[in-house]
Amino acid sequence: MKIALVAIFLGITMIGSAPAAEEPAIIPLPQKMELQSGAFKLTRKTRILVDSDASRETANFLAEKLRKSTGFPFAGADVLSSDAKIKNAILFSTENANTNPGTEGYSLSVTRNGVVIRASTQAGLFYGAQTLLQLLPPEIFSTNTVKHVKWQVPCAQIEDWPRFKWRGLMLDVARHFFNKSEVETILDAMALHKLNTFHWHLTDDQGWRIQIKKYPKLTEFGAWRSGVGFGLNPKSTTAYGPDGRYGGFYTQDDIREIVAYAAARHITIVPEIEMPGHSTAALAAYPQFSCNGDADDCPDCRNGPYNMNVVS
């Protein structure tokens with residue numbers, strides 16, 4: 001009898017000390033999340049569905065992400081017929097969506113049969129897709145096909161909405177230049193974390209980065225300086241022109257493309273042009289606009305190209 005009681009006690013103790021299921025590392029953490037048993041498994045036959053053409057852009061965005069890392073042939077999204085059943089599929093739907101979470105809220109339901117992302121707006125659907133990506137193994141973010149990975153999503157019921165309307169990140173490209181591809185990479189990281197406002201610091205004393213065709217010298221002179229400055233190793237960057245000067249700028253086409261890239265990820269760009277202070281780079285190009293109407297107030301303007309030795 002004593003042996004039986006000890007066995008029961010040990011069994012209860014082992015059950016009580018069993019490790020809990022690991023909670024998915026979603027950033028930001030959803031407002032409500034209930035994990036359930038089981039998982040939905042992505043396969044080569046998994047389909048991506050939408051209930052209307054309006055949701056196709058977000059669905060295709062997800063399909064491209066999944067295709068790169070899994071190697072599965074995710075095609076463009078199909079429109080769901082009214083009598084179709086969700087089986088081995090991911091559905092984006094705006095029908096019967098709860099409007100209480102606001103314009104950026106969403107619900108995400110993961111069962112063994114499939115995934116349903118529901119929201120009243122396309123922004124909500126997009127953020128639901130970002131959460132789905134974070135529920136998958138981290139290899140999902142690879143830009144190359146990854147083999148021998150169990151592509152599965154834990155079953156869960158999630159309701160989420162943002163705490164703050166303005167969720168921003170500021171990038172200072174005046175002091176240190178980021179090229180178009182690098183800016184787009186930052187926008188992708190913002191989208192993954194559901195940030196929606198990109199504060200783009202385009203001009204300052206240390207550089208003028210935006211092309212204005214009426215004032216070409218702004219980028220001819222103001223976009224470049226003698227070195228990277230700030231005590232940094234000159235080899236820490238590749239942003240050098242043919243003449244060895246450090247810097248760079250965005251053409252008007254670059255700006256348009258980056259704005260469109262951000263908009264596709266539901267990110268608003270807020271450009272910042274420093275005026276009247278912090279304008280040494282502009283005065284390097286046009287010293288006649290200095291306080292005295294000449295280069296006296298802008299020593300670095302006298303030699304033409306911008307020669308400021310930047311200090312930290």
Side-chain angles (χ1 to χ4, degrees), residues 68 141-144 168-193 195 197-265 267-287 289-290 295 298-312:
K68 286 181 179 179
F141 298 108
S142 173
T143 55
N144 299 312
L169 179 144
M170 191 273 278
L171 179 65
D172 181 349
V173 297
R175 292 176 176 85
H176 296 293
F177 183 67
F178 291 71
N179 63 35
K180 176 172 170 282
S181 176
E182 291 167 336
V183 172
E184 290 176 344
T185 298
I186 290 171
L187 291 169
D188 282 334
M190 288 180 62
L192 178 63
H193 296 94
L195 301 181
T197 307
F198 181 56
H199 177 171
W200 205 1
H201 190 69
L202 288 162
T203 73
D204 211 300
D205 282 334
Q206 292 80 12
W208 185 282
R209 305 301 183 200
I210 180 170
Q211 180 188 46
I212 298 178
K213 293 182 179 180
K214 188 175 181 179
Y215 300 100
K217 291 183 180 179
L218 286 172
T219 49
E220 182 182 350
F221 295 136
W224 306 93
R225 61 182 187 246
S226 58
V228 63
F230 293 91
L232 297 177
N233 185 337
K235 295 181 180 180
S236 65
T237 177
T238 59
Y240 294 99
D243 59 1
R245 291 183 297 164
Y246 172 79
F249 64 93
Y250 308 102
T251 67
Q252 292 189 3
D253 284 341
D254 288 337
I255 296 289
R256 292 187 187 97
E257 291 170 9
I258 291 172
V259 169
Y261 194 91
R265 288 150 182 78
I267 296 172
T268 298
I269 292 183
V270 179
E272 181 184 3
I273 308 297
E274 284 273 3
M275 286 289 173
H278 294 246
S279 54
T280 307
L283 295 179
Y286 295 97
F289 294 118
S290 65
C298 182
D300 297 301
C301 305
R302 294 171 181 164
N303 297 322
Y306 189 25
N307 294 318
M308 173 175 279
N309 293 316
V310 183
V311 294
S312 57

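With hydrogens and angles disregarded, a donor-acceptor distance shorter than 3.5 Å links the side chain of Thr251 to the backbone of Asp254. For Thr203 (side chain) and Glu274 (main-chain N/O), a donor-acceptor pair under 3.5 Å exists by modelled atom type. One N or O on the side chain of Asp172 and one on the backbone of Ala174 form a donor-acceptor pair closer than 3.5 Å. Side-chain atoms of Trp224 come within 3.5 Å of backbone N or O of Thr219 as a donor-acceptor pair. A donor-acceptor pair under 3.5 Å links the side-chain atoms of Arg225 to the main chain of Val228, judged by distance alone.
Aromatic ring centres of Phe177 and Tyr250: separated by under 6.0 Å.
Within the model, atoms CD1 of Ile267 and CD1 of Ile258 stand 12.0 Å from one another, a figure rounded to the nearest 0.5 Å. In this structure, CE on Met170 lies 10.0 Å from CZ on Phe198, to the nearest 0.5 angstrom. If you take CD on Gln252 and CD on Gln211, they are separated by 5.0 Å, rounding to the nearest 0.5 Å. Distance check, rounded to the nearest 0.5 Å: CD1 of Ile269 to OH of Tyr261 gives 11.5 Å.
In this structure, Tyr215 and Phe289 have perpendicular ring planes: the angle between them is above 60°, well past the 30° mark.
Taking the side chain as every heavy atom from C-beta outward, Ile273 and Trp208 approach each other to under 4.5 Å. Contact check for Trp200 versus Ile210: no side-chain heavy atoms found under the 4.5 Å cut-off.
Annotation for Asp204 and His278: closest pair OD1-ND1, 2.9 Å, computed over non-hydrogen atoms. Closest approach of Lys217 to Ala285, counting heavy atoms only: O-CB, 3.1 Å.
Taking Glu272 as the reference, His199, His201 meet the side chain to side chain donor-acceptor pair (under 3.5 Å) condition, with sequence neighbours excluded. For Pro216, the side chain to side chain contact (heavy atoms under 4.5 Å, CB included) partners are Tyr286, not counting sequence neighbours. With sequence neighbours excluded, no residue satisfies side chain to side chain contact (heavy atoms under 4.5 Å, CB included) with Thr143. Residues that satisfy the side chain to side chain donor-acceptor pair (under 3.5 Å) test with His176, not counting sequence neighbours, are absent from this structure. Remark: Asn179 pairs with no residue by the side chain to side chain donor-acceptor pair (under 3.5 Å) rule, at least two apart or across chains.
The environment of NZ in Lys180 is crowded: more than 12 heavy-atom neighbours from other residues, nucleotides or ligands sit within 6.0 Å.
A side-chain contact (heavy atoms from CB on, under 4.5 Å) with Leu171 is found for exactly one of Leu187, Leu202, Ile186, namely Ile186.
For residues 233-243, the pairs satisfying side chain to side chain donor-acceptor pair (under 3.5 Å) are Asp243-Arg245, with sequence neighbours left out.
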Give the C-alpha distance, both sets of side-chain angles, the deciding distance and a yes or no for side chain to side chain donor-acceptor pair (under 3.5 Å) between Asp188 and Thr185. CA-CA 5 Å; Asp188 282 334; Thr185 298; 5.4 Å; no
